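Everything below concerns the one structure shown next.
Order of the sequence lines fixes the chain letters, A, B, ..., with proteins taken first and strands second; residue numbering starts at 1 for each chain. Every value quoted in this text rests on a predicted model; they were computed, and no experiment measured them. Excluded from the calculations below are hydrogen atoms, water molecules and symmetry mates; all remaining heavy atoms, backbone and side chain alike, are included.
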Amino acid sequence: MSLVSAFRELFEPILTELAADRAKVPDYLAMIKPAANADHGDYQANFAMALGKALGQKPQDVAKAIIAKLPPNEWLESATVAGPGFINLKLKSAYLADRVRQIAQDTRLGVTPAAKLRTFVIDYSGPNVAKPLHVGHLRSTIIGDALVRILRFCGHTVIGDNHLGDWGTQFGILIYGYKHHRDEAAFQVDPVKELARLYIHVRNLAKVTGEEDEGGGEVMEACRAETAKLHAGGEENVGLWKKFMPACLEMLRPIYDRLDVKIDHALGESFYNPMLAAVVDDLLAKGIAVESKGAVVVPNAKGVVPQNDEQQAKEEPPALIRKRDGAFTYTTTDLATIKYRADTWKPDAMLYVVDARQALHFKTLFANAKRWGYDNTEFQHIAFGSILGRDKKPYRTRDGGTVELSALLDEAAKLGLQGYEASYAERTTHGHEVAELSPAVKREIAETVGYGAVKYADLSGNRTSDYIFDYDKMLALEGNTATYMQYAYARCRSIFRKGEIDETAFHAKLPAVVITTPQERALVVQLLKLPEAIESAATEYLPHHLTGYLWDLAKAYSVFFEACQVLKAETPELRDSRLVLVDLVARVIRQVLNLLGIRTVERM
RNA sequence: GCACCCGUAGCUCAAUUGGAUAGAGCGUCGGCCUCCGGAGCCGAAGGUUAUAGGUUCAAGUCCUAUCGGGUGUACCA
């Protein structure tokens, strides 16, 4: 149980007795929060102002009356009224020590499963197969993976689904290339490599640099014709599509392995293709979809289908589900997907981790899904901003090309290794004894630090805003970065190595915790806030609440580390007590980084 | 035109969803540390939260208007 819930249990009977409107008690209880300022105690209750207003009494008096009714207990040091009626709550150090030892004995570090267990489908990553993964897929993949891990840790059932773009123009390119430019021998030996070559080759022939749905001259015309034949069910092209798909999926695997991301399902656009006609028929039959301008559309979120130019200028557009030429659109696919997911997994919520620019699409989609009958499902567009370069324009390579994920990760690992080597050199010149590590271990450090930096940079800001991709900042040794957290972890581990602690024995008979300094106390309070941080990240779908927590923890640990000798503590009891804290800090950092998809190393 | 997002310290970002004196990192200035990993610690300067109103006991947060920036907007996904 978290500390807030403990406080809420304590105050609930008193508020129920006092409140004019009992229905508001949960709202009042929600007003118990960690203290904004450490001078005000550990937690603060802000309900006396609202309650005083409702009762027509002075908030300070209400606060005093509530404090007077608190039952005797072992854990509250003080409850005092301050300012307009804040109740400042301070916990007894002995109680904190006891609680922290309890969570140190818990493999889940005191985090209990969520009160209401739900089933989530999370749609994330969604690359176009047959093309290399590029920087545009990074955020969806990383944020989606973090949410999967966080919600699972909370005990929820989570189904991750990679909604692949596996039915688009890129297959026209591959089919065209295969028919006219293939090296059959090369294809036999390594289809993945040959298809990748063909894709680039044809794009170069057509001189396409960006989007491939328009322009590109005769070559692209031919490619689009091949795509059309595929979509029309042409036997030859469908056969080629089936032949290419395994190789295309194989192309994606190395990147996901490097990112340490495993997605449960990969049901792409092609999977839903056979269902689309029936979706349109059903929506028409139910009167949700209508014909407009020769196409079939579903109305906008307000339920309106603009009928003339004037309306069109001030209304949101409807969503097309069947174009004039008879082809279906991604809205059709998305509706079919919702139906399939609902039928198959019966989720309570469906989350879409997709670029913020698609907000209007999802607004319209969700409104129509609800009209269609899925009105008991929570739909969420987990929107995120764009990745920009230092010039604040979309992040690109120096010559203006798309940044491929493999190159990006190579660079991050390279810089991770440089960081290690710089640290090694500096410590050696300071006369420290530094262990000589094998090339394999060094590579692991490089990748853990490099990839961790990329992920953490992405997850540590508010997801909805754009962020500037900057290797120097994300790999910085100070500030709120993965590197800093990994370093804090390594320092903790170093203490156990240096002290030659037998960890198995240590954990088997965990020493008592005693709090003797303000720094120890602050660290313990921060450790005990872990459940609240995880709950907040899970219910708001905001991973950066976890990085914020880690940052506060790392700072509290630094202050503690500076002020409190561990191995050379004054007494053996104090040494053991502090070792419990050091061990717990390490485990909390490792666990929270794990929830973000980031690894730790013992030395760096 | 309409809709959505954003505007917080020189820069990059927070602010526990309406709570107390708006906080961190970088950068700047000053101090500490022969000590378990100096990738450290303490302190200072830096703000009319774009602007003007409004709601509230309480507003960076909610409402209205204005200014400035971004994004989207009927047959790509």
Practice problem: Applying ring-ring contact (aromatic ring centres under 6.0 Å, His included), name anything that partners A:Phe384, two or more places apart in sequence or on another chain. | Solution: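 Testing A:Phe384 for ring-ring contact (aromatic ring centres under 6.0 Å, His included), a comparison that skips the adjacent residues, returns none.
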
N/O contacts under 3.5 Å, protein versus nucleotides 40-48 of chain B?
unit_1 : atom_1 : unit_2   : atom_2 : d
B:rG40 : O2'    : A:Glu562 : OE1    : 3.1

Grab the N/O contacts between the protein and nucleotides 16-20 of chain B below 3.5 Å, and write none if there aren't any.
unit_1 : atom_1 : unit_2   : atom_2 : d
B:rU17 : OP1    : A:Lys33  : NZ     : 2.6
B:rU17 : OP2    : A:Lys33  : NZ     : 2.8
B:rU17 : N3     : A:Glu540 : OE1    : 3.4
B:rU17 : O4     : A:Glu540 : OE1    : 2.8
B:rG19 : OP2    : A:Lys33  : NZ     : 3.4
B:rA20 : N7     : A:Gln44  : OE1    : 3.3
B:rA20 : N6     : A:Gln44  : OE1    : 3.3
B:rA20 : N6     : A:Asn88  : OD1    : 2.3
B:rA20 : N1     : A:Asn88  : OD1    : 3.4
B:rA20 : N1     : A:Asn88  : ND2    : 3.2

Self-check item: Atom C1', compared across B:rA45 and B:rC29: separation rounded to whole Å
Solution: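 Their C1' atoms lie roughly 7 Å apart.
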
Quiz prompt | ring-ring contact (aromatic ring centres under 6.0 Å, His included) contacts touching residues 288-317 of chain A (sequence neighbours left out) | solution =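 Qualifying pairs, neighbours excluded: none.
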
Quiz item: Has the side chain of A:Ser423 got a donor or acceptor atom sitting under 3.5 Å from an opposite partner on the base of B:rG37?
Solution: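 A donor-acceptor contact between them is present.
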
Quiz item: Would A:His163 and A:Tyr272 count as a close aromatic pair, with their ring centres under 6.0 Å?
Solution: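 They qualify: ring centres under 6.0 Å apart.
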
Self-check item: Ring-ring centroid check A:Phe469 A:Tyr471, cutoff 6.0 Å
Solution: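 Centroid distance A:Phe469-A:Tyr471: below 6.0 Å, so yes.
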
Identify all pairs in which a protein N or O lies below 3.5 Å from an N or O of nucleotides 5-13 of chain B, and state each distance.
unit_1 : atom_1 : unit_2   : atom_2 : d
B:rU12 : OP1    : A:Lys392 : NZ     : 2.8

Quiz prompt | Nearest to side-chain heavy atoms of A:Leu320, which nucleotide of B:rG72, B:rA74, B:rC2 | solution =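 Among the listed nucleotides, the one closest to the side chain of A:Leu320 is B:rA74.
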
Quiz prompt | Check ion pair A:Glu540-A:Arg463 (N to O, under 4.0 angstrom) | solution =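 Result for this pair is no, no salt bridge flagged.
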
Self-check item: Pair listing, salt bridge (Lys or Arg N to Asp or Glu O under 4.0 Å) test, anchored in residues 320-334 of chain A, at least two apart
Solution: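 Sorted pair list comes back empty.
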
